[in-house]
Amino acid sequence: MIDYKALEKWIDRWRDAKIFYADPNDKKKYFITVAYPYPNSPQHIGHGRTYTLADVHARYMRMKGYNVLFPMGFHYTGTPILAMSKRIAENDIELIKTFTDIYKVPKEIIERFVEPIEIAKYFKEEIKQGMIEMGYSIDWRREFTTVDKLYNKFIEWQFRKLKNKGYIVQGSHPVGWCPKDNSPVSQHDTLGDIEPEFNEYTLIKFDYNEAKILVATLRPETIFGVTNLWINPNGRYVKARVNNEIWIVSESCANKLSYLNKKVEILEKFNGSTLINKEVRSIHNRTIKILEASFVDEENGTGIVMSVPAHAPYDYQALVDLRLDINPIVIIRSEKYNDKIPAYEVIKEFNIKDQNDPRLEDATATLYSYEFYNGVMIVDEYKGIKVSDARDAVKSTLIRDNYADTMLELTKDVRCRCGTKCVVKILNDQWFIDYSKREWKDLAHECLNRMNLLPNDIREEFEYTIEWLRERACARRSGLGTKLPWDKEWIIESLSDSVIYMAYYIIAKFADKIDIDSVDDAFFDYIFNGGKNVEQAIAEDIKREFEYFYPVDSRHSGRDLIPNHLTFFIFNHTALFEKERWPKEIVVNGSVLMEGKKMSKSFGNIIPLRSAIKEHGADAIRAAILITSELLQDADFTFDILSSVKNKLEKIYENCKELKEYESNDRIDRWLRSTLQHTIIRVTASMDKLRVREALHEILYSMDDMLEWYITRKSAKGDKPSLKQFFDVRIRLLAPFTPFICEEIWHMFGNDSFVSLAEWPNADERLIDYDADHGEILIMSVLEDIKNILKVTKIKPKDIYIYTASNDKCAIYSKILLLILKGEKNISNIIKDLMKNDNNAKKMVDMIKKMVDDILSISDEIREKRVMLDEKSVLNDAKELFEREFNASIHIYNEDDKEIIDPKSKAKYARPYKPAIYID
RNA sequence: GCGGGAGUCGCCAAGCCUGGUCAACGGCGCUAGGUUGAGGGCCUAGUCCCUUAGGGGUUCGUGGGUUCAAAUCCCACCUCCCGCACCA
């Protein structure tokens, strides 16, 4: 058993030896960063993936000899923490329960959470401890938060710089809005997490005395088919001065208009019934009546709608129900409905009973979408125009001629977390970062093209995002963060103040030596872009360090940040830094599932990282998160795998404990050393692409198979194993993944340096021994074949005869091998080729076919290195193994042998690497 | 709708770019045997179907096609997942 608690001592040893502090030196540098956490909750296993991956990367590069800088900061910027503290102040039971029961926050600390900064501080510490306990090789001297005074200055510099370049613009912008909180709402601010989406209604004006009655519609083209208006008799309506006209709309509509840049002054309130049977004049000078209809919703649009019975099933059905003698006016023709009244046809089709029939909804949707794509206008002004085109044309004409206006309306009933019904608000002086600028996009593309992406599959997603991005609001009215330097009413929002902070890690190390009050833009310009020299002497040191460590060599993050943060990161670097400081690589990873399910509070399957570490140790968790899938896939974390990994590690530990060294240089020792070199080459290649699953498989499983085979072969001969070098390499390969246990074993081996700083194994070409490699392949496959035969025949062997192929066959085999290596893989061509030059070949066409198959069915690398073995002596080396395995006498001959014993004439079937076998 | 991605032998999941290494890596689970005081762990074998000689058959969402050869390339279709903004 391993004492996991005891392994934690390495945390202190690493810290005391300061081995993860990175300062400029003569070595090549490697700068790795990960998206810093937002401290509004403790970390769970899912968070662990990105950070662990980055740490593995950092540790790997460190062992490869790089001077690796891996820093960490904390992102306090944003509104969620603010909202949380508000809810705490309001004594929100649900949230308090989450804190006490799930996050295990002590009661007396929760009381402090009415102060938002206290929440951030608490969870920051929590998260930091988790990172330390996970063994992340972070240089903690560079820690900072985004509300630090110096960071604020840094962000101010960034924004003034962007503004000077013309990348910051001001404009108006519609948002979902909570009238009570006076703040924008997005999906996670709403009850039920409903995304606030809006439609643009066309408001068509109908003359009513000196006033205008406004109806809201999504189908302005149907104005030509209007027969009457509908109003809810119980609804509350108002007459109001809107801008310079008198409008009649529902009271709720008047309220909503006031958020949409309209000046609204209520003049009079009344019930809908007042207007019933009144007449209005349509834009075509037709006089139509206002009729009552209960289906009209005063909360939606203007609370008044126009009736187009020919094309709107609701309207048609209402006329039927009310037995009104009004003729529908058909204005759209389509193939399906031809000269008929479409609404009537659809009602028949759906078998609608009355106005309250729920199927009316479907009937409406069906007809609307059919006519939109297939309908053609038949009214004079728009004759022959498709509905899909006519809609916009009619709308803009109406607006131009002041017959209509527009209004944004939420598509669904959206409520803020506080319970208030949301509206659409147009923000007028909103600040944006203008990612739509062509020359900026070009720079971003250029940066992307120079960049390495892991995995490369995501490149297209970036390309698309760069094109798709446009103006992005970069400031809000509330939340923690940095104030917009030229407009202190605004706070820079979180996705905008986190795009170039990697550069700030360089400065953070010096923060307490800097006279913050005297820091100005020139200070940052000097450090980052070689501007004029500045007063502060420390700037010189920082500048030197910046020039050493920047650019970022590898940026890690979850793939969900591609459409925003990671692309902003690219954009902003190209705007603010010289080309040689542009980032070099982005690595993205998928998320983590818990036992196949998404992690969520409602599933109750969120496991806090720190308690998982306590229970299972950091090593097993690190490996279990990374072993199940490659980068982009979602990783499935399961306890079965966790414990399996844990056992694997324990076994390695036990093996290492018992390790003794014996001198020996058998065929099998040569094989082990040779295979070890192949393993090093493969694992290194995997690591270079951060194919961590592949690497871990190799180290944990394939190396176990090697070990088993080696021991089996050794013990069959009664020899002692010699495994010191094997484990020396294995522990170093494993060290980036499971640093604690590797550090322990490393020291157990008598090393007094840290494995965390040990040299990554280098393959020694001289130890690669193809004769040994292929010899063992032969032995394994013969073993396999015999087992197969025994399995099918179910006989108990007394004598086993093995016949290796004749010299003639080996000669042909070599020729075939050569042909295939030259690229000829077509069987019939190969046979033709051989027949031309070789008389022997003619006699063994069948044999040749099989050999071609044999050769084609081995991997390229094995094929290229295929050597012709003295198979008889190789197999003799494993004779004891066969005897022990099958409990039988083993007789090995070459087909050509004079004294051969071949009772069933099997020898003739022998092929190179496929000896014939006879079992008695 | 726009964009990205995925469908592989119980589950998870490699492979697909660069066709032959593919009945298809590996893990988990399951079955049997060994070890152990039992259990766990560990080890061995098996885990699509058939097979008394190392073999054969049918498989990689569906249907076509290209090729001596396709999970892999091409075409069409079906299903599923994710993102679409001012939010971390």
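If you're wondering where the values come from, they're calculated on a predicted model, not measured in any experiment. Proteins get letters first, then strands, A, B, ... in listed order; numbering begins at 1 in each.
Across all strands shown, A/T77 has heavy atoms under 4.0 Å from sugar-phosphate atoms exclusively, and none from any base. A/N564 comes within 4.0 angstrom of a nucleotide base, judged by non-hydrogen atoms across all strands. Backbone-only contact: A/R691 has heavy atoms under 4.0 Å from sugar-phosphate atoms and none from a base. Heavy atoms of A/S498 sit nowhere under 4.0 angstrom from any nucleic acid atom. Within the 4.0 angstrom heavy-atom criterion, base atoms lie near A/A916. Within the 4.0 angstrom heavy-atom criterion, no nucleotide atom of any strand lies near A/H565.
Pairing partner, B/G1: B/C84, with both Watson-Crick or wobble hydrogen-bond distances short of 3.5 Å. When both distances must be under 3.5 Å, the Watson-Crick or G-U wobble mate of B/A45 is B/U31. Nucleotide B/A14 has no partner under the Watson-Crick or G-U criteria, as no pair reaches both atom distances under 3.5 Å. Pairing for B/A24 is absent, with no Watson-Crick or G-U wobble pair whose two atom distances lie under 3.5 Å. Across every strand in view, B/A76 sits in a pair with B/U62 that passes the Watson-Crick or G-U test at under 3.5 angstrom. Partner assigned to B/U67 is none, using Watson-Crick or G-U wobble distances below 3.5 angstrom.
Put simply, CG on A/D640 is 15 Å from P on B/A13, counting in whole angstrom units. In this entry the distance linking OH of A/Y913 with P of B/G54 reads 23 Å, nearest Å. Computed from coordinates, the A/I433 CD1 to B/C86 P distance equals 15 Å when rounded to whole Å. Between A/E694 atom CD and B/A13 atom P there is a gap of 17 Å when expressed in whole angstrom units. If you measure from atom CG of A/D634 to atom P of B/C12, you get 12 Å, rounded to the nearest angstrom. For the pair A/K796 NZ and B/A53 P, the computed distance is 17 Å after rounding to whole Å. What separates CD1 of A/I466 from C1' of B/G4 is a distance of 15 Å, to the nearest Å. For the pair A/E784 CD and B/U44 P, the interatomic distance rounds to 13 Å; values are reported in whole Å.
Using modelled atom types, no side-chain atom of A/K648 and backbone atom of A/Y701 make a donor-acceptor pair closer than 3.5 Å.
Regarding contacts with the backbone of B/A13, a side-chain N or O of A/Q633 is found under 4.0 angstrom from either OP1 or OP2. Between A/T628 and B/G27 there is no side-chain N or O to OP1 or OP2 distance below 4.0 Å. The side chain of A/S857 places no N or O atom within less than 4.0 Å of a non-bridging phosphate oxygen (OP1 or OP2) of B/G20. Proximity of A/K651 to the phosphate of B/C43: a side-chain N or O atom is located under 4.0 Å from OP1 or OP2. Checking the phosphate oxygens (OP1, OP2) of B/G46, no side-chain nitrogen or oxygen of A/K791 falls inside 4.0 Å.
Between A/H75 and the options A/D497, A/N40, A/T146, a side chain to side chain donor-acceptor pair (under 3.5 Å) holds for only A/D497.
A cation-pi arrangement is absent between A/R472 and A/F568, since the terminal nitrogen or guanidinium carbon is not both under 6.0 Å from the aromatic centre and inside a 45° cone about the axis.
Rounded to a whole angstrom, the distance from the C1' atom of B/C9 to that of B/G61 is 14 Å. One C1' atom belongs to B/C78, the other to B/C30, and the distance between them is 33 Å to the nearest Å. Rounded to whole Å, the separation between the C1' atoms of B/A24 and B/G1 comes to 39 Å.
The side chain of A/E460 approaches B/G5 more closely than any other nucleotide in the set B/G5, B/G27, B/C84. Counting only heavy atoms from C-beta on, A/L561 has its side chain closest to B/A88 among B/A88, B/G55, B/G27. Considering only the side chain of A/E708, B/U44 comes nearest among B/A85, B/G54, B/U44. The A/R559 side chain lies nearest to B/G4 when the options are B/U52, B/G4, B/C28.
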Just list the side-chain donor-acceptor pairs under 3.5 Å for residues 422-431 of chain A, sequence neighbours left out, or say none.
| unit_1 | atom_1 | unit_2 | atom_2 | d |
| --- | --- | --- | --- | --- |
| A/N428 | OD1 | A/N261 | ND2 | 3.0 |
| A/N428 | ND2 | A/N261 | OD1 | 2.7 |
| A/W431 | NE1 | A/D487 | OD2 | 3.2 |

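Counting only N and O atoms by type, the side chains of A/S781 and A/E784 include no donor and acceptor under 3.5 Å apart.
Residue side chain A/R693 does not reach the base of B/C12 through any donor-acceptor N/O pair under 3.5 Å, judged by distance alone. Checked by distance alone, A/N788 brings no side-chain donor or acceptor within 3.5 Å of a matching partner on the base of B/A53.
Taking the six-membered ring where the residue is Trp, A/H774 and A/Y913 present perpendicular rings, their angle passing 60° and hence far from 30°.
A heavy-atom distance below 4.5 Å is not found between the side chains of A/L593 and A/F637.
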